Every structure is written in structure tokens, then in C-alpha cells.
Protein chains: 2
Amino acid sequence: MANNKTVSEKNPLGDLRMTKQRKVVYDVLVEGAKDHPTASEVFVRAKELMPSISLATVYNCLETMTQAGVVTQVNMDREASRFCPNLQPHAHFFCSECEEIFDVGLKEKEAPTTPWALPDGMEIDQLLVNMRGVCPKCAAKNSNN
Amino acid sequence: MANNKTVSEKNPLGDLRMTKQRKVVYDVLVEGAKDHPTASEVFVRAKELMPSISLATVYNCLETMTQAGVVTQVNMDREASRFCPNLQPHAHFFCSECEEIFDVGLKEKEAPTTPWALPDGMEIDQLLVNMRGVCPKCAAKNSNN
DNA sequence: TAGCCTTTTTAGAATAATTCTAAGAATAAT
DNA sequence: ATTATTCTTAGAATTATTCTAAAAAGGCTA
């Protein structure tokens with residue numbers, strides 16, 4: 001893909017306005033970069049920075065940013081969506097014990113579709129990988145007991 | 001008293017009863033093996049075979065069978081869960097144009113985790129892959145226009 | 001077979017995340 | 001400045017799913 005230094009270089013939302021509310025929501029996400037909050041959790045944190053913000057706005061902002069490709073929406077089962085500002089291609093791992101979500105990156109030189117037998121002509125726009133299991137920390141804790 | 005074959009040999013639900021309702025729900029799924037119906041869609045089809053069946057029962061049956069590992073629950077974004085009786089490891093592909101869901105199998109000798117840089121000690125119990133894009137049929141249709 | 005216990009089904013109420021609505025506020029365009 | 005567009009907001013509405021409590025079905029033992 002060619003160099004696309006456009007408006008997006010200045011404003012990660014491209015044509016969309018970077019409003020105060022959107023900034024707050026984005027800041028909340030970046031701040032807690034590792035912890036994948038739900039919309040309601042974002043709402044609680046955003047209220048600390050801007051008490052007047054509403055839940056609907058948080059939903060709007062998250063949706064806008066997801067569309068704009070600035071944040072990623074993580075859906076595990078049918079639980080509340082979670083959001084993260086990690087733009088690198090990555091999978092999400094949910095630990096069944098500590099119930100935390102971890103990002104898992106790609107190995108060097110690997111494409112996420114590698115193992116899959118894609119039919120000829122199938123065009124992939126998006127690939128979403130959710131894993132579930134026990135994280136290293138919890139696994140270690142278990143074997144110590 | 002002692003049966004020479006284990007229950008699970010006869011009954012894919014193991015210890016759980018294969019009730020009339022469960023049979024109907026399972027049959028509906030196997031029949032439409034390729035089309036990944038939602039619970040409501042299963043309900044509509046099940047009613048044709050057993051008019052007295054209730055939606056709650058369909059949900060119960062689907063849950064039971066998912067637990068038993070006889071069917072797979074497919075969650076795309078936050079849309080209604082879909083169900084399929086394909087037990088082979090496979091990914092799900094959603095075509096943004098015809099809005100159908102396709103199963104995508106693994107290449108020979110590939111593991112679904114291959115491309116991912118899993119931290120040492122991380123135990124994977126389940127891996128879920130959802131793709132989104134344009135299916136070969138729709139892609140072909142587009143280039144003909 | 002009767003009696004008892006557990007599992008399953010059922011209709012309808014309840015829940016919870018998300019989206020919608022409509023009006024007002026903020027920003028941009030003319 | 002005026003107008004047009006985009007955003008925000010509170011609260012209502014939606015929707016898939018789960019819960020509840022009672023009735024029915026199925027299995028087990030005597």
C-alpha cells in the first residue's frame with residue numbers, strides 16, 4: 001500500500017471532528033491500554049475527566065473510532081464488547097481464571113490467515129481471533145499449589 | 001443392568017437425555033448444516049417438526065449441546081449467536097455482501113495457533129476465528145459488473 | 001405398577017447491552 | 001451573521017438471552 005499521509009496524520013479520526021468528548025474517550029482507552037474496558041467502564045473513567053459526558057456519547061465515540069480504525073472492538077462470546085487502542089494485528093486471549101484479556105501478537109513474518117484453507121477468490125477484510133485458556137501467571141500459580 | 005456399550009456411544013449428549021425436543025433441535029441443525037441459523041431460526045424450523053416446542057427450550061437445547069460439544073456457537077460481533085454442527089476445527093467467514101456464513105477449514109498439517117506468538121506457559125483451551133470479507137461468488141459477481 | 005426423585009419443558013417476566021429518538025449545542029460553511 | 005451540518009444528550013425502545021416457577025416427562029426402586 002502506498003504512503004497515505006493524509007488528514008489522518010494530524011487527526012486520527014480523518015474527516016471526523018476530534019471533539020472534547022472523543023478526546024476524553026480516546027485518552028481513557030490509551031491510558032488503560034492493556035485492560036480492554038467495556039463501554040460502561042470507559043464511561044465511568046471518562047466521567048472522571050468530564051463529568052457531563054453521557055453513556056450514549058461514549059457509545060457513539062467508541063463506534064466512531066472503531067469505524068475510523070483507531071480502536072478495536074473485542075467481542076468475546078456474547079459479553080459486553082471491550083475496546084482497545086492496539087492497532088497492530090493481534091489476537092485476544094481471555095484467561096478463564098483471572099478473567100483478564102491479553103493481546104497476543106503475530107510471530108515475525110507470519111500472516112494470521114496462514115493456517116486456513118481459504119477458497120480461491122475469497123477476499124478477507126478483517127480477521128478476528130479470540131482465544132480462551134489459562135494465562136502463564138495463573139498456570140504457574142496452579143502448578144505451585 | 002450393566003450395558004455393554006457406554007451411553008455416550010449411543011448418545012452424543014453423553015449422560016444427558018436425548019429428549020424429543022433435543023432431537024428435533026439437533027436434526028434442524030444437521031439438516032441445514034451449512035447455514036448457521038440463529039436460535040430464532042432454529043425455533044421456526046423446529047416448530048415445523050414439533051409445533052409445541054418453545055423458544056426457551058430451543059435455547060436450552062442449544063446450550064446443552066454446546067456444552068456437550070456437539071454443536072458450535074458462532075458469535076459474529078454482537079449479533080445473535082449462530083449454531084453449527086461442524087465439529088472439525090474451522091473458522092467462520094462472513095460475507096459482507098450476501099451475508100452468509102461459510103466454514104473455512106485448516107490446511108493440512110497446520111495448527112490454528114501457528115502464526116501467533118504465544119507467551120511461554122499460556123494454555124489454549126479454545127480458539128475462535130471469525131473472518132469478514134467477500135465470498136468468491138460475490139467477488140466474481142462484482143468483477144463481472 | 002406405584003411412588004418418588006430428578007431432569008426437562010414451558011410461558012412469561014426480567015435482564016442487560018446496545019441502539020434509537022428528538023431536541024438542543026457546537027462547530028463549520030457560506 | 002446566517003445557515004447547514006455534525007455531535008451530544010437523556011431517556012425510551014429494542015433485542016437477544018436468561019431467569020423463574022410450575023407442570024410434565026422420564027427413570028429407578030420396591
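Fair warning: this is a prediction, and the values are worked out from it, not measured in the lab. Chain naming here is simple, since letters A, B, ... match the order of the sequence lines and numbering starts at 1 in each.
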According to a strict under-4.0 Å criterion, is [X] in side-chain N/O contact with OP1 or OP2 of [N]?
X       : N      : result
A/Ser81 : C/dA17 : no
A/Ser40 : C/dA17 : no
B/Ser54 : C/dT9  : no
A/Thr57 : D/dT9  : yes
A/Arg17 : C/dA28 : no

Relative to the ring of A/His92, is the ring of A/His36 parallel (under 30°), tilted (30 to 60°) or perpendicular (over 60°)?
-> perpendicular

How close or far is atom [atom2] of [N] from atom [atom1] of [X], stated in whole angstroms?
X       : N      : atom1 : atom2 : result
A/Met76 : C/dA17 : CE    : P     : 17 Å
A/Tyr59 : D/dA12 : OH    : P     : 17 Å
A/Gln21 : D/dT6  : CD    : C1'   : 12 Å
A/Arg78 : D/dT14 : CZ    : P     : 18 Å
B/Glu63 : D/dT18 : CD    : P     : 6 Å
B/Ile53 : D/dA24 : CD1   : C1'   : 15 Å
B/Phe43 : D/dT15 : CZ    : P     : 17 Å
B/Arg22 : C/dT8  : CZ    : P     : 4 Å

Side chain proximity check, A/Phe83 to A/Thr72, heavy atoms < 4.5 angstrom | no

Taking atom CG of B/Asp120 as the centre, does the number of heavy atoms from other residues, nucleotides or ligands within less than 6.0 Å exceed 12?
-> no

Are there more than 12 heavy atoms of other residues, nucleotides or ligands under 6.0 Å from atom CD of B/Glu97?
-> yes

Which is true for A/Ser52 with a 4.0 Å heavy-atom rule: it touches a base, it touches only sugar-phosphate, or it touches nothing?
-> sugar-phosphate

Considering only side-chain heavy atoms of [X], which listed nucleotide, [options], is closest?
X       : options               : answer
A/Leu16 : D/dT17, D/dC7, D/dT8  : D/dC7
A/Ala39 : C/dT8, C/dT18, D/dT17 : C/dT18
B/Ala56 : D/dT9, C/dG12, D/dT17 : C/dG12
A/Leu55 : D/dT17, C/dT18, C/dT8 : C/dT18

Nearest-nucleotide 5' precedence on DNA chain D, B/Asn75 against B/Thr19 | B/Asn75

Scanning all shown strands, the Watson-Crick or wobble mate of C/dT30 with both distances under 3.5 Å is D/dA1

Give a yes-or-no answer on whether the side chains of B/Ser81 and B/Gln73 include a donor-acceptor pair shorter than 3.5 Å.
-> yes

